[in-house]
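To start, the structure under review is shown below, and the notes come after it.
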Amino acid sequence: MWLLGALPALWLAWQLWRAWNGEPHTLGREPVKGLEHATGDWTIRFLAATLAVTPLRQLTGWNWLARYRRILGLLAFGYACTHLTTYAVLDLELDLGEVAHEIVKRPYLVVGFTAWLLLLPLAVTSTTGWIRRLGGKRWDRLHAAVYAVVALGLVHFWWSQKKDKSDPLAWALVFAVLFAWRAWRAVVRRRDRGR
Amino acid sequence: ADAAQLEDQPASRDEVTKYDDATGYNNYYEFGTDKEDPKANAGSLRTRPWSVAVEGMVKRPATWAFDDLLKGLAPQERVYRHRCVEAWSMVIPWLGVPLADVLRKLEPLPSAKYVEFTTLFDPKQMPGQRSGVLPWPYVEALRMDEAMHPLTLLVTGMYGKTLPNQNGAPLRLVIPWKYGFKGAKSIVKIRLTDKQPSTTWNVAAPDEYGFYANVNPEVDHPRWSQAKERRVGEFGRRATLPFNGYAAQVASLYAGMDLRRNF
């Protein structure tokens, strides 16, 4: 799974290397922009995959899926890191003053960076040791922050688009379905308990 | 003024952008919002016959056939820097005639203060117009003195060839000291007026795209800085120059204006 999840990153790194050397590549006429968009897309894909594990399990009864949830979440975090790194290193050329200035000044970067900051403790506490240390209930409560990460990530995506909002809109619908499933399950569970 | 002198040939580090990049990476929402869309979709545009309606404050409003409008005006080659509001740039050898020469032919009335340019509206030929991403048709405008400036070009070609459809064929505007979106493409109407016209991007997002849209490294776009730009084909960024490097020729047009407010 790790290897599979890392494949897009390896592919992108290879394309970047080719672009750098002036060879044909798939990152477009502005390779830095292309890489920013690609790493952002992979972040949102892995976030969606992470959040799809539980509904899929409940729908199909394939409980073995649960094993992959942590890896998928960590991959989302990994791509978020490469997304941020691409912006800081390749786009702003590691002018850290400018990076800080931009992240504080532009609303779409404020929310994007906040989403990344929120992912940080989730990635750190993803180990079995931390689950034990925090206890299931507290760990669950902390990791509910992923919903905030998704919301902020979608706002970041939405605000970053010039005029054509169809891509962020499509992802918002995907997450709406994933959230609605959970809300519906919660209602059903409460009703069953009430009986 | 001598056109060759005003041409401002790019310095040695300003290499002309590859033809393939200049014709394969375009913002032309009439053919789709991705930069590869115009090249893929603009084949459906028929550029002949073409006519341009001249309306408003001119001596004789009329519809001109493309060839009549440009008759007697020999296209000149001008190598201009092209700066997109999105912070990428190119260097393009355009073929065109000074807009001033065309306007003189149209005989504007002394009351005319602005020139408005309208792009073709025909969703059959321009599939992007089937989406409501912008209010159609696309409209851009210049103040009269900007329109009459010898750098302002009515373009019919690039790289020694006829203008490709995705670059605004058969007739487009190029104002090298302004962001690219000011350069109306596939022009079907020229209107002279005494009131500042509403322009498409300014109406769509007034806080992001001003009427003047002069290239200005000191006035940020709300979502990014305009201080630097990335030349298509290069990896690093370079500094953006005031008025895109044409300050010596055009800064006087804006003497006394607050360029932060009139961005």
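In what follows, every heavy atom counts, from backbone to side chain, and hydrogens, waters and symmetry copies are set aside. Predicted, not measured: the structure shown is a model, and the values here were computed from it.
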Interface moiety of A:Trp159 toward chain B, non-hydrogen atoms closer than 4.5 Å: backbone

Option in A:Glu98, A:His101, A:Lys105 with maximal non-hydrogen atom pairs under 4.5 Å from chain B: A:Glu98

A:Lys162 with B:Glu86: basic N within carboxylate O range, under 4.0 Å: yes

Parallel, tilted or perpendicular: ring planes of A:His156 versus A:Tyr108, cut at 30 and 60 degrees: parallel

Contact origin within B:Ala204 toward chain A - heavy atom pairs under 4.5 Å: both

Distance in Å, B:Ser89 OG paired with B:Arg230 CZ, rounded so as to fall on 0.5 Å steps: 10.5 Å

Candidate list A:Thr82, A:Thr39, A:Thr86, test side chain to side chain contact (heavy atoms under 4.5 Å, CB included), partner A:Leu12, passing option: A:Thr39

Under 4.5 Å from a heavy atom of chain B, the part of A:Ser160 involved: backbone

Proximity breakdown for A:Leu92 and chain B, heavy-atom pairs closer than 4.5 Å: both

Electrostatic pair B:Lys178:B:Glu146 at N-O distance under 4.0 angstrom: yes

Aromatic plane relationship, A:Trp116 with A:Phe77 - under 30° parallel, 30 to 60° tilted, over 60° perpendicular: parallel

Chain A contact via B:Asp20 - side chain, backbone, both or neither, heavy atoms under 4.5 Å: both

Atom group of B:Glu208 that falls short of 4.5 Å from chain A, counting heavy atoms: neither

